[in-house]
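Structure record follows, encoded as structure tokens.
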Amino acid sequence: MNIIDVGLEFNSNMTLRNVNSIKRIILHHSGVTVLQSVETIHNYHKNTNGWAGIGYHFYIRKDGSIYKGRPLECLGAHASGSNSDSIGVCCEGNFEVEQMPEAQKNSLIELINYLIDNYSIEKIQGHKDVNSTSCPGSNFPLEEMKHLLNSKDEQPSNEETNKNIYNDGLVNCIYDIQEWLNRHYSTGLALDNIYGTETKKALIKGLQTELNVQFNKGLSVDGIFGTNTYNACINVRIRAQGNITMLIQMCLFIKGYNVSMDKKFGQDTIAKVKQFQNDNGLSVDGIVGKNTFNALFN
Ligand SMILES: [Zn+2]
């Protein structure tokens, strides 16, 4: 992703904040159909409103170019009463009357995903969710953007919502893991209660199957964690639940982290993931992404 920094100059009266306090993204539109550069908005906020400078942290033009506005470590000025823990993102246009161009929408998705991956975002809101306004306009793809926060998590698979088909049983040793893998992925493992090459391959096959079924990744289910599988890995984080979470828990268990294998990515799992990340020189964020998957399954 390319974020353009045009070097906007701010007055010195900006309030600093700790970026760890950032919890949400608030989305806006510029509210006018006329094209405006980031400098135009910056100068308006600075000279007409008398602010330190542009109130938004990011500005996305209709052509999809993304501009840096106010630094993230400075409080924005975009949503009264909601600035302290939020990132303000503004899209050029008036989405009461216009539709968002594809290029702009794609950049917005890319930016939001980037922010989700790098900050502790818990909520995505429209300006109208926090203040009395129609911003960002009724045609703004707001629900789709809010959904990005969850779509990066694993969704429970159909099998799980149909619990009475299977009683999944308690899983708390290698034998149980082998039995579970056989039942879910027809992996034909010998139930010898020993973790070896075949069980490792079966875990990878399970992951590949889930990535195909849940996320249409089209991987060959070969039990080898190669580049394609690496690239197909999603981010699994707190509140996820389902078979991918189960497979992650199984890998943690096998590697000596005593986690409950219950398919729920809760506080226990996050603590063990962080421990594993720390022990393996990974960035310790409690989110299972490509690198953590790689270290767990390889
Ligand atoms: Zn707004």
Closest non-hydrogen atoms of Ile121 and Ile87, given as atom of the first, atom of the second and distance, are CD1-CD1, 4.2 Å
task = Kindly say whether Asp85 contributes a backbone atom to a donor-acceptor pair with the side chain of Arg24 at under 3.5 angstrom?
result = no
### Message
Working note: Trp51 + Asn11, criterion side chain to side chain contact (heavy atoms under 4.5 Å, CB included); need CA distance, chi angles, decisive distance, verdict.
### Response
CA-CA 8 Å; Trp51 300 347; Asn11 291 328; over 6 Å; no
Rounding to 0.5 Å, atoms CG (Asn118) and CG (Asp285) come to a distance of 9.5 Å
Taking the side chain from Glu179 and the backbone from Val171, do they hold a donor-acceptor pair closer than 3.5 Å? no
Of all heavy-atom pairs linking Val38 and Lys68, the shortest is CG2-O, 4.3 Å
Short question: side chain of Asp268, backbone of Val259 - any donor-acceptor pair under 3.5 Å?
no
Asn298 and Lys255 have their tightest heavy-atom pair at O-NZ, 3.5 Å
Between the CG atom in Leu16 and the SG atom in Cys74, the distance rounded to the nearest 0.5 Å is 5.0 Å
Rounding to 0.5 Å, atoms CD1 (Ile204) and CG (Leu296) come to a distance of 11.0 Å
Please tell me whether Tyr175 and Leu181 are part of a single hydrophobic cluster in this structure, the criterion being side-chain heavy atoms less than 4.5 Å apart.
no
Quiz prompt | Ile244 vs Ile234 side-chain heavy atoms within contact, under 4.5 Å | solution = yes
Applying a strict under-4.5 Å side-chain criterion to I, L, V, M, F, W and Y, I'd like to know whether Ile177 and Phe265 cluster together.
yes
### Message
When you compare the side chain of Asn94 with that of Val32, does any pair of heavy atoms fall below 4.5 Å?
### Response
no
Exercise. Using a distance-only test with no angle check, is there a side-chain donor-acceptor pair under 3.5 angstrom linking Asp192 and Gln178?
Worked result: yes
So with a 6.0 Å cut-off around NZ of Lys217, is the heavy-atom count from everything else above 12?
yes
message = Would you say Val236 ends up clustered with Leu252 if hydrophobic residues are merged whenever their side chains have heavy atoms under 4.5 Å apart, either directly or through other cluster members?
response = yes
Query raised in the report: Are Arg61 and Leu35 close enough, and set up right, to give a side chain to side chain contact (heavy atoms under 4.5 Å, CB included), and what steps lead you there?
Result: CA-CA 8 Å; Arg61 300 210 54 179; Leu35 299 179; 3.5 Å; yes
Any donor-acceptor pair under 3.5 Å from His42 side chain to Ile54 backbone: yes
Item to check | Presence of salt bridge, Arg237 and Asp117, under 4.0 angstrom | outcome: yes
Gln277 side-chain N/O to Ile287 backbone N/O, donor-acceptor pair under 3.5 Å
yes
Requested in this report: Please tell me if the side chains of Tyr257 and Asp279 come closer than 4.5 Å, counting only heavy atoms from C-beta onward.
Outcome: yes
Greater than 12 external heavy atoms within 6.0 Å of Asp5's CG:
yes
Q: List the steps and the verdict of side chain to side chain contact (heavy atoms under 4.5 Å, CB included) for Leu8 and Glu39.
A: CA-CA 7 Å; Leu8 299 173; Glu39 291 94 337; 4.1 Å; yes
Pairing donors with acceptors under 3.5 angstrom, does anything connect the side chains of Ser30 and Glu92? no
Does the side chain of Leu75 come within less than 4.5 Å of Ser84's, by heavy atoms?
yes
NZ (Lys205) and CG (Leu207) are apart, to the nearest 0.5 Å, by 13.5 Å
Would you call the rings of His57 and His78 parallel, tilted or perpendicular, taking 30° and 60° as the class edges? perpendicular
(Q) Centre-to-centre under 6.0 Å for His45 and Tyr56, is that the case here? (A) yes
Output for pair (Asn243 CG, His184 NE2), nearest 0.5 Å, gives 5.0 Å
Shortest non-hydrogen pair, Ala52 vs Met14, comes out as CB-CG, 3.2 Å
Query raised in the report: Would you find more than 12 non-hydrogen atoms of other residues, nucleotides or ligands less than 6.0 Å from Lys23 atom NZ?
Result: yes
Q.
Assigning hydrophobic clusters by single linkage (Ile, Leu, Val, Met, Phe, Trp, Tyr; side-chain heavy-atom cutoff under 4.5 Å), is Ile248 placed with Tyr195?
A. yes
Between Ala103 and Asp63, the two heavy atoms sitting closest are CB-O, 3.7 Å
Output for pair (Leu211 CG, Asn228 CG), nearest 0.5 Å, gives 11.5 Å
same_hphob_cluster(Val19, Phe58) at 4.5 Å side-chain heavy-atom cutoff: yes
Side-chain donor/acceptor of Gln125 to backbone N/O of Ile25, under 3.5 Å
no
Would you say Leu27 and Leu108 make side-chain contact, with heavy atoms under 4.5 Å? yes
Ignoring hydrogens and geometry, is there a side-chain-to-backbone donor-acceptor pair from Asn131 to Ser80 under 3.5 Å?
yes
For this session: Using distance alone, with no hydrogens and no angle criterion, decide if Thr269 and Gln249 have a side-chain donor and acceptor under 3.5 Å apart.
Result: yes
Stepwise side chain to side chain contact (heavy atoms under 4.5 Å, CB included) check, Glu96 with Ser138:
CA-CA 5 Å; Glu96 272 305 305; Ser138 48; 3.5 Å; yes
- Item | Validation row: Glu143, His147 side chains within 4.5 angstrom (heavy atoms) | no
Keeping Lys46 on the side-chain end and Glu9 on the backbone end, is there a donor-acceptor pair under 3.5 Å?
yes
Side-chain contact, heavy-atom cut-off 4.5 Å: Met261 with Trp180? no
Would you call Asp129 and Lys146 a salt bridge, using N to O less than 4.0 angstrom? yes
Kindly indicate whether the side chain of Met1, heavy atoms from C-beta on, has any atom under 4.5 Å from the side chain of Leu111.
-> yes
task: State whether the side chain of Ser82 and the backbone N or O of Val130 hold a donor-acceptor pair below 3.5 Å, judged by distance alone.
output: no
All heavy atoms of Phe253 vs all of Ile174, minimum pair found to be CE2-N, 4.2 Å
Residue pairs passing the side chain to side chain donor-acceptor pair (under 3.5 Å) test with at least one member in residues 99-111, sequence neighbours excluded, are Lys105-Glu144
field: Exam field: side chain Lys272 to backbone Asn258, donor-acceptor pair closer than 3.5 Å
entry: yes
